[in-house]
Trainee: 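Here's a structure for you.
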Amino acid sequence: MIARTIVDVPASQTDRVFDYAVPEEFEHLIKPGIRVYVPFGPRKIQGFVLELTDTTDVPAGKLREISRLVDLTPPLTNELMMLADWLKDQTLSYHISALQVMLPAAMRASYRKNVVIAEGAELANYSEAILRVFQQDDGISDWDKWQQKATKEERKEVAAGLRRGDFLVIPVVKSNETEKRQTAVYPSINAKLENLTAKQKLVLDYIHNLGDHPEDHAVARILEATGVTRSIIDALVKKGALEKKTEVIQRDPYEGREFHDQKPAALMQEQTEALQPVDEAVRSGRAETFLLRGVTGSGKTEIYLQAIESVLQKGEEAIVLVPEISLTPQMVTRFKGRFGSRVAVLHSALSKGEKYDEWQRIRNKEVDVAVGARSAVFAPFENLGIIIIDEEHEASYKQEDAPRYHAREVAIQRGKHYSCPVVLGSATPSLESFARAKKGVYRLLTMEKRVNDVKMPDVSVIDMREELRSGNRSMFSETMIAAIQTRIEKNEQAVLFLNRRGYSTFIMCRDCGYVAECPHCDISLTYHSSQRKLQCHYCGYSHTIPTLCPECESESIRFFGTGTQKAEEALREVFPDIRVIRMDVDTTSRKGSHEKLLEAFGNKEADVLLGTQMIAKGLDFPDITLVGILAADSMLHLPDFRASERTFQLLTQVSGRAGRHKRPGEVLVQTYTPEHFSIQHVKEHDFLSFFDDEMRVRKAGGYPPYFFLTLVHVSAEDLEYTVQVTDRIARFLREHLSGQTLVYGPVASQIPRIKDRYRYQCMIKYKVEPKLTETLQTMMKTFEGELNRSDLAIVIDTNPNMML
DNA sequence: GTTGCGATGATT
DNA sequence: ATCATCGCAACA
């Protein structure tokens with residue numbers, strides 16, 4: 001028997017099937033989809049068995065045997081194995097990457113080299129220090145890592161030892177499956193209950209009255225509940241009254257949290273009309289894509305919940321995708337409240353182990369709803385009845401590293417396989433999706449009214465040029481100050497939005513124009529007041545603030561641009577007693593801090609929530625009556641064809657935080673370009689007009705959705721070489737692609753250098769290009785050699801999010 | 001002869 | 001990706 005295997009080596013030369021002989025002992029256990037350990041050259045690695053056959057072209061001398069099986073049952077379903085095949089072609093990524101991305105991180109293998117003292121080694125040649133390293137533990141546990149922190153002398157010494165054979169390298173393949181275990185005790189069936197002390201009786205009674213929940217039987221839990229010491233339990237075990245067991249338990253990330261049962265809400269007419277066709281598609285099992293455009297607060301979540309209800313009734317399963325940062329407790333609460341323990345939650349705030357357990361619960365059919373971020377689109381269900389993507393326009397649905405897939409496209413592909421509907425929901429759909437809906441590719445569902453007829457907030461645009469003219473040089477307009485003042489007086493809350501973290505965006509010398517830049521990246525350094533340092537947001541480089549200009553030694557070095565830190569400071573200057581909670585990457589990096597800050601704001605421990613885009617979503621507090629957008633045009637002038645779209649979406653999203661309940665909301669938008677259409681249409685809550693205006697711009701510029709884009713990104717340490725390679729790629733593509741397809745480049749990336757690597761790109765614009773994948777693959781083949789021997793990197797991004 | 005290095009080729 | 005091998009130069 002021959003196993004056709006994809007090996008775990010993400011490289012172009014190994015991105016193909018390798019045949020292995022299946023030892024007889026495994027023949028009845030092995031199945032397609034099972035992972036195996038195989039010898040590959042001198043080492044041992046993991047691989048995925050694609051299929052089993054009886055023939056091979058590999059000469060008998062070269063054919064090697066599978067060492068052992070990793071799994072007893074295939075971790076990925078048949079459908080997901082097929083999906084990986086589709087995914088690798090779509091994204092031009094390696095087959096192995098497409099397979100690995102579908103597994104939880106804990107199941108991906110890691111490789112390290114353990115260095116130990118060989119038998120019969122002559123140790124007299126080695127220094128004390130080195131021998132001490134080897135005496136600890138099992139020698140050097142990870143050779144590659146150790147080499148990085150060791151000194152040159154140490155490295156040389158060990159290398160010499162390896163050559164002489166005194167030290168030995170043992171390659172270790174580790175698949176990280178981490179099951180959580182606990183020690184639990186259960187009453188023995190034929191227990192002799194004699195001569196018990198009072199405390200022992202107490203514990204025994206307690207255990208007898210426990211239910212079936214394995215967690216309740218954990219020794220640690222019992223000790224805590226009864227207040228006795230471990231010795232009491234040990235004594236009972238010795239006497240035979242209790243039995244000790246080690247068992248695998250599942251972590252519950254939401255342990256101790258209560259979820260109140262939530263009944264389906266009565267729907268408004270618009271909601272009923274939107275739900276009906278989805279429901280019908282669920283019932284008849286039709287692969288149809290719906291675009292549900294509903295204004296903020298129109299009750300989209302309720303539609304999702306009720307559609308899922310139908311799916312569950314049919315005995316099928318549901319996937320709900322939400323943007324990473326909106327996985328706030330609010331969303332989880334609603335799903336858990338409605339579907340209870342039948343819900344698995346998958347998102348980045350969980351530990352690797354927790355994600356693994358949630359994933360296993362799906363694989364073992366213990367749940368039938370998965371709520372999660374992008375990668376949850378690969379949830380290993382086998383009877384999918386619906387896939388829902390909330391906030392479908394969100395950029396985070398596109399994975400930024402290989403395989404560069406878009407969750408929306410994956411969802412639609414899976415929907416086809418299971419013949420089930422896909423629902424894309426948003427208040428501000430992406431232009432691509434809305435255009436498809438207008439063409440009839442997707443079915444459009446619209447909800448223009450907020451639940452309970454709550455009014456859309458009033459949006460006023462404040463022209464900051466006027467403010468400047470009238471002498472106000474601060475970042476807060478008069479109107480904004482007055483509005484915040486009123487909120488404080490009325491004990492209401494305000495949300496202030498500034499899409500830039502740090503203190504200032506750059507520092508510049510007023511005399512000579514010098515701007516502090518990162519020495520490794522072509523980008524200005526940002527000042528962070530908490531560490532009193534300049535920082536590069538791309539490579540993490542940091543430097544002290546110069547007091548004198550390094551160029552002209554002038555003292556007039558000043559901060560320009562505003563970040564959240566500075567905004568907080570400025571706010572305190574105006575309102576000395578104001579209570580502010582700031583939310584940005586810097587204040588929410590610790591686990592759980594995001595939730596904590598939101599909770600504090602919800603408990604009215606602050607008057608103002610000041611933050612970057614992470615506060616744009618999911619916030620739903622009754623006392624927010626003011627939303628202030630401090631710099632609406634901060635994203636508008638980025639050299640990205642989606643800049644207007646992003647601005648409109650973000651502003652609409654943030655505005656939607658105001659007045660969602662009884663009190664009316666007010667939104668103030670500060671801008672230097674009040675006439676820009678994406679700002680004007682936010683004012684009128686007018687998505688349709690925005691769409692029309694922006695479509696004209698896209699048509700004129702030849703951008704999506706009128707054209708498809710594919711970006712070829714080239715980087716290397718040498719500038720000339722980078723440009724030269726990009727140019728060769730551009731020529732190659734022009735030569736091989738059809739006449740209607742446009743190839744631009746080479747052009748420098750938006751940030752021409754990051755971490756000392758120059759970055760150039762080449763953009764392909766096309767309408768129909770059947771040969772594209774093939775051509776790009778040939779192109780990569782021709783550069784294979786160069787990619788191997790230089791530091792060159794070529795990345796292909798189909799349908800890129802941004803033009804980085 | 002030994003050691004250190006980069007380039008080259010193969011992995012079933 | 002990673003390992004082994006080969007060739008070449010520097011060194012003893």
Side-chain angles (χ1 to χ4, degrees), chain A residues 1-23 26-27 30 32 34-70 88 93-101 108-115 125-126 142-148 150-175 401-403 716-718 721 780-795:
Chain A
M1 198 192 260
I2 303 294
R4 313 197 69 220
T5 308
I6 295 293
V7 293
D8 185 12
V9 182
S12 57
Q13 292 129 299
T14 52
D15 186 32
R16 60 187 177 86
V17 166
F18 286 85
D19 288 353
Y20 284 89
V22 181
F26 299 145
E27 280 193 358
I30 200 164
I34 276 191
R35 293 173 299 164
V36 290
Y37 286 109
V38 291
F40 196 65
R43 58 212 172 111
K44 217 160 241 156
I45 55 170
Q46 263 193 26
F48 273 85
V49 175
L50 286 192
E51 52 177 334
L52 296 161
T53 60
D54 291 314
T55 56
T56 176
D57 298 335
V58 178
K62 283 200 159 186
L63 191 69
R64 297 172 80 180
E65 282 194 341
I66 283 171
S67 313
R68 65 186 180 88
L69 309 184
V70 178
K88 71 159 212 295
S93 57
Y94 305 129
H95 202 157
I96 191 67
S97 313
L99 289 163
Q100 299 278 29
V101 79
R108 286 170 220 161
S110 61
Y111 303 88
R112 65 186 166 88
K113 278 164 243 149
N114 182 207
V115 183
N125 303 323
Y126 303 97
D142 190 331
W143 171 231
D144 290 326
K145 243 193 224 158
W146 187 85
Q147 275 180 298
Q148 279 171 22
T151 64
K152 217 174 183 180
E153 279 69 36
E154 290 173 322
R155 266 200 304 269
K156 271 193 177 162
E157 222 182 319
V158 179
L162 285 169
R163 238 189 337 272
R164 278 182 228 130
D166 288 336
F167 302 142
L168 206 64
V169 175
I170 304 172
V172 185
V173 195
K174 207 173 105 204
S175 58
D401 39 46
E717 276 183 33
D718 186 75
Y721 182 58
M780 288 305 274
K781 269 258 143 52
T782 55
F783 282 93
E784 205 169 74
E786 273 174 86
L787 285 165
N788 274 332
R789 75 187 105 82
S790 63
D791 66 335
L792 178 70
I794 304 176
V795 166

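Naming convention: chains lettered A, B, ... in sequence-line order (proteins, then strands); numbering from 1 in each chain.
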Trainee: Look up atom CZ in A:Arg35 and atom CD in A:Gln46, then write down how far apart they are to the nearest 0.5 Å.
Mentor: 5.0 Å
Trainee: Tell me: CG of A:Leu792 to P of C:dA1, nearest whole Å?
Mentor: 12 Å
Trainee: Would you say the side chains of A:Gln100 and A:Tyr94 form a donor-acceptor pair under 3.5 Å?
Mentor: no
Trainee: Whole angstroms only, please: what is the CZ-C1' distance between A:Arg64 and B:dA10?
Mentor: 12 Å
Trainee: Please round to the nearest 0.5 Å and tell me the distance separating atom CD1 of A:Ile6 and atom OG1 of A:Thr14.
Mentor: 9.0 Å
Trainee: Nearest to the side chain of A:Val58, heavy atoms from C-beta on, is which of B:dT12, C:dT2, B:dT11?
Mentor: B:dT12
Trainee: A:Phe40 near the nucleic acid: base, sugar-phosphate alone, or nothing, with a heavy-atom cut-off under 4.0 Å?
Mentor: base
Trainee: Atom CZ of A:Arg112 to atom P of C:dA1: distance rounded to whole Å?
Mentor: 21 Å
Trainee: Out of the candidates A:Leu63, A:Asp54, A:Val22, only one should pair with A:Ile2 under the side-chain contact (heavy atoms from CB on, under 4.5 Å) rule; please name it.
Mentor: A:Leu63
Trainee: Nearest 0.5 angstrom please: A:Phe18 CZ to A:Lys62 NZ, how far?
Mentor: 10.0 Å
Trainee: Looking at the side chain of A:Lys62, which of C:dA1, B:dT12, C:dC3 is the nearest nucleotide?
Mentor: B:dT12
Trainee: Suppose we call a contact any N or O donor and acceptor under 3.5 Å apart; does that hold for the side chain of A:Arg43 and the base of C:dA4?
Mentor: no
Trainee: Taking any heavy-atom pair under 4.0 Å as a contact, classify A:Lys44: base, sugar-phosphate, or nothing.
Mentor: nothing
Trainee: Rounded to whole Å, please give me the gap between CG in A:Asp19 and P in B:dT11.
Mentor: 13 Å
Trainee: What is the separation between atom OH on A:Tyr20 and atom P on B:dT12, rounded to the nearest whole Å?
Mentor: 5 Å
Trainee: Measure the distance from CG on A:Asp15 to P on B:dT11 and round it to the nearest whole Å.
Mentor: 17 Å
Trainee: Can you tell me the distance, in whole Å, between the CG atom of A:Leu162 and the P atom of C:dT2?
Mentor: 17 Å
Trainee: NZ of A:Lys113 versus P of C:dA1: gap in Å, rounded?
Mentor: 13 Å
Trainee: Need one value for A:Pro59: base, sugar-phosphate or nothing, where a base atom within 4.0 Å counts as base even if backbone is also close, heavy atoms only.
Mentor: nothing
